[in-house]
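For reference, the structure is listed below as structure tokens.
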Amino acid sequence: MAEELIPHLFRTEYRKIVSVLGKRFGFDQLEVAEDIVSDTFFIAAKTWGLKGHVPANPTAWLYNVAKNKAVNYLEHTQLFDHKIAPELKREPRSSEETDIDLSPQNINDSQLQMMFTVCHPSIPVEAQIGLSLRILCGFGIDEIADAFLADKDTINKRLFRAKQKLREENVKIGLPGPVELESRLQTVLRTIYLLFNEGYYSVSHNTTLRKDVCVEAIRLCHMLVENASTNKPDVNALLSLMCFHASRFDARLDENGEQILYEEQDTTRWDTDLIRRGEYFLNLSASGNKLSKYHVEAAIGYWHTIKDDTSEKWESILNHYNQLLIIEYSPIAALNRTWAISKVHGREAAIAEAKKLEQLTDNHFYFALLGELYTGIDNHEALQNLQTAFDMAKTTSDKNTIKKKIDKLVV
Amino acid sequence: MKEFLLIYRRDAQSDTIQISPEQIQAMMKPWQDWMGGLAAQNKLVDRGNRLAGDGSVVKPNNVVTNGPYVELKEAIGGYSIVKAKDLKEASELAKGCPILAVGGTVEVRTIVAMEN
């Protein structure tokens, strides 16, 4: 039983204790906090396994052990400080000084504050995502390496450098002041958004891991929504769009973890519960006068949850892609807009628009799209484009998807 | 890539005609489609703004006149910034502008960056 329970508890409790201890010790002592919590889990694995039974309240057991270790650490460092600073007046030591508050409220506050620390603009975005996975989501280094398709060494170095930089910048664990909050919140939102994409679009075949990453991104965003000072319209919009996308998570991957295209998905496998949650947060996002890219993407996500292939659906999607591109260019939005044009104005119109996208001729998705658009109109042209896409594609998964289209065309 | 200012000019008279929100919506759609197309090519730098019909012109000796268009047929209705490799390509981009469909014009000007 312990073998199943401990990884589960690690995922849910590691991040909570690390945040509380990290907050209590200060960011410069974050590694001590991480060590204490890792140690706590190590002891749990040993004791629970040895005794052959798990305590009645395993979480409380973990909190107690971590708390004792943290208090010990604090007392030791305090003793040390007192010795090397003898000029300090002897003050009666209050129990508050070494108290470790693992109440739900403090756990929540500490995690929220840690989120702003980890998503600090002074470190690169990959490092923000890596630290988020480690400290905010309790992922193991091997899991992070798997999600990024990198080796453990690279990830370790990346996290080490990021923590070093945050220490150099003297970044505190805490919510930014009201003036800074809006811009810092944007960095946090971007990291959550990219974290979600990492799970959703990752080429890793570890479907469970990818889903976990998406679930974690949703959980982090949910924490922002539950806190009054960060519960902003664009936060709700981001949460909504992730719910809509996640609703198709199971339907879009086959048993080998390969992608099933939107048009070919079994819509009965769409998660209606997540769709409803997406609608709920989309409604909450509709206040204020700022239209963020998350709002527009949430609206696109909403229309994709409508099963009927109506003209209203695709006209709306096309309009929103126009809006989205005007706010911020991205290759994927440019390609998706072209696909929406084919649904609204027909394939010839879409081909004409696609031809203007010269900047995407180094992107295999561009040629895959052209191949798709030419299919049935000019199969020779379609085949050539698909072949180009196949040659350019780097992952087996992408190559397989294109190969299937080529096979259909050749038959 | 250089940046170019697109200046949209149209009949000054059309400002005085009352239009409904639905009409505005219908008028905006071709703009959105066109700008979406520019943005999809990653050539839209700034969608810019529309300009209201009223305005004034300040002339030497502190002479201020209301409305610059008394003697002009066309007034500036808005502007955007695009990027293109040369003036020719920028003009090519302007060809799809919806203002042309209502008899307006687009002036395309090369932006010269300030060198501090």
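Heavy-atom basis, side chains included; hydrogens, waters and symmetry copies ignored. The chains referred to below are lettered A, B, ... by the order of the sequence lines, with proteins before strands, and numbering in each begins at 1.
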Checklist entry - Should we say atom CD of A:E264 is surrounded by more than 12 heavy atoms from elsewhere, each under 6.0 Å from it? => result yes
Next on the checklist: Tell me if a side-chain donor or acceptor on A:Q359 pairs with a main-chain N or O of B:A40 at a distance below 3.5 Å.
Outcome noted: yes
Item to check | 4.5 Å side-chain heavy-atom contact, A:N319 and B:K29 | outcome: yes
Checklist entry - Out of curiosity, A:E358 CD to B:K85 NZ, how far, rounded to the nearest 0.5 Å? => result 6.5 Å
Item to check | Between CD on residue A:E328 and CG on residue B:N42, distance to nearest 0.5 Å | outcome: 10.5 Å
Next on the checklist: Does any backbone or side-chain atom of B:D33 lie under 4.5 Å from a heavy atom of chain A? Answer side chain, backbone, both or neither.
Outcome noted: both
Item to check | Other residues, nucleotides, ligands: >12 heavy atoms within 6.0 Å of B:R47 CZ | outcome: no
Next on the checklist: So for atom NZ, which belongs to A:K290, do other residues, nucleotides or ligands contribute more than 12 heavy atoms lying within a distance under 6.0 Å?
Outcome noted: yes
Next on the checklist: Check this for me: A:K307, atom NZ, are more than 12 non-hydrogen atoms of other residues, nucleotides or ligands nearer than 6.0 Å?
Outcome noted: yes
Checklist entry - Would one find more than 12 heavy atoms of other residues, nucleotides or ligands at under 6.0 Å from atom OH of A:Y262? => result yes
Next on the checklist: Could you measure the distance from the CG atom of A:N322 to the CG atom of B:L38? Nearest 0.5 Å is fine.
Outcome noted: 10.0 Å
Checklist entry - Given the options A:L318, A:L357, A:L324, which has more heavy-atom pairs under 4.5 Å with chain B than any of the others? => result A:L357
Next on the checklist: Quick check: closest heavy atoms across B:G36 and A:L325, and the distance to 0.1 Å?
Outcome noted: O-CD1, 4.0 Å
Next on the checklist: Would you say that A:Q323 contacts B:Q32 through its side chain, given a criterion of any heavy-atom pair below 4.5 Å between the two side chains?
Outcome noted: yes
